[in-house]
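The next block holds one structure in the form of structure tokens; read it before the comments.
Read the numbers this way: they start at 1 and go in the same order the structure lists the ligands and their atoms. We use all heavy atoms of the structure for the numbers below, so side chains are in, but hydrogens, waters and symmetry mates are not. From a predicted model like this one, the values you see are computed outputs, not experimental measurements.
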Amino acid sequence: MELNTYSFLFLFLIFLSYPSQDIGTDQSQFFTLMKSSLSGNALSDWDILGGKSYCNFTGISCNDRGHVEKINMSGWSVSGNFPADICSYLPELRVLDLSQNQLGGNFINSIANCSFSEELNMKRIHLRAKLLDFSKMKSLRALDISYNLFIGDFC
Ligand SMILES: *[C@@H]1O[C@H](CO)[C@@H](O)[C@H](O)[C@H]1NC(C)=O
Ligand SMILES: *[C@@H]1O[C@H](CO)[C@@H](O)[C@H](O)[C@H]1NC(C)=O
Ligand SMILES: *[C@@H]1O[C@H](CO)[C@@H](O)[C@H](O)[C@H]1NC(C)=O
């Protein structure tokens with residue numbers, strides 16, 4: 001009986017240790033995607049290949065487990081298509097401030113999948129899109145989507 005409990009615990013710990021490695025890879029992949037699809041001088045600090053951890057990139061904060069929890073690129077004058085599926089790459093993202101840039105792309109729908117996000121600022125990003133369904137964003141407590149062109153109803 002006792003042995004079973006221990007082997008179960010052991011397997012469980014192995015199970016727990018695997019995803020975090022994948023998450024590290026996924027996280028750096030997202031910054032590679034951002035860097036390849038957006039342009040702007042401000043991103044030059046994001047030295048993906050130079051061996052600097054993305055946790056030390058300008059505008060990025062990580063929690064103590066190395067998971068990205070905040071991206072603030074407010075006013076960076078960056079333009080291009082923001083990559084989709086941000087929260088499958090950065091599952092612990094809580095704050096996303098994209099305000100005052102020129103962003104397009106389909107990312108807006110996938111942002112609605114960020115169930116842990118607490119703060120979302122997309123003010124003045126020159127977006128033309130259908131208004132997204134915020135109902136899955138259970139943790140959201142601050143939202144600014146002003147100065148964009150949205151079509152549709154709030155849900
Ligand atoms: C971030 O930079 C500091 C010093 O500049 C360094 O001590 C730290 O290890 C770096 N963090 C990561 C995650 O690379
Ligand atoms: C992002 O940075 C700007 C200054 O560059 C600051 O005014 C703003 O409050 C920050 N946003 C968040 C969500 O911390
Ligand atoms: C949201 O997440 C679900 C499950 O992970 C996925 O099937 C769906 O395509 C995502 N929606 C968007 C708009 O990314």
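Side-chain atoms of N113 do not come within 3.5 Å of backbone N or O of S110 as any donor-acceptor pair.
Proximity of atom 14 (O) of ligand 2 to the protein is indicated by at least one non-hydrogen atom lying closer than 4.0 angstrom.
Ranking protein heavy atoms by distance to atom 5 (O) of ligand 2, first place goes to S74 O, 4.5 Å. In terms of protein heavy-atom proximity, atom 10 (C) of ligand 2 is closest to N72 ND2, 2.5 Å.
No part of N121 comes within 4.0 Å of ligand 2, judged by heavy-atom distances.
The side chain to side chain contact (heavy atoms under 4.5 Å, CB included) test applied to N63 returns R65, H67, E69, E92, not counting sequence neighbours.
Between F31 and F57, the ring planes are perpendicular. Angles over 60° get that label, and only those under 30° would be called parallel.
Listed here is the closest heavy atom pair of L93 and S117: O-OG, 3.2 Å.
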| Yes or no on side-chain contact (heavy atoms from CB on, under 4.5 Å) for Q29 and Y89, after CA distance, side-chain angles and deciding distance? | CA-CA 8 Å; Q29 260 170 25; Y89 293 95; 3.5 Å; yes

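Taking every non-hydrogen atom of V95 and a distance limit under 4.0 Å, the qualifying atoms of ligand 2 come out as 13 (C). Here is the list of ligand 2 atoms found below 4.0 Å of a heavy atom in E119: 13 (C).
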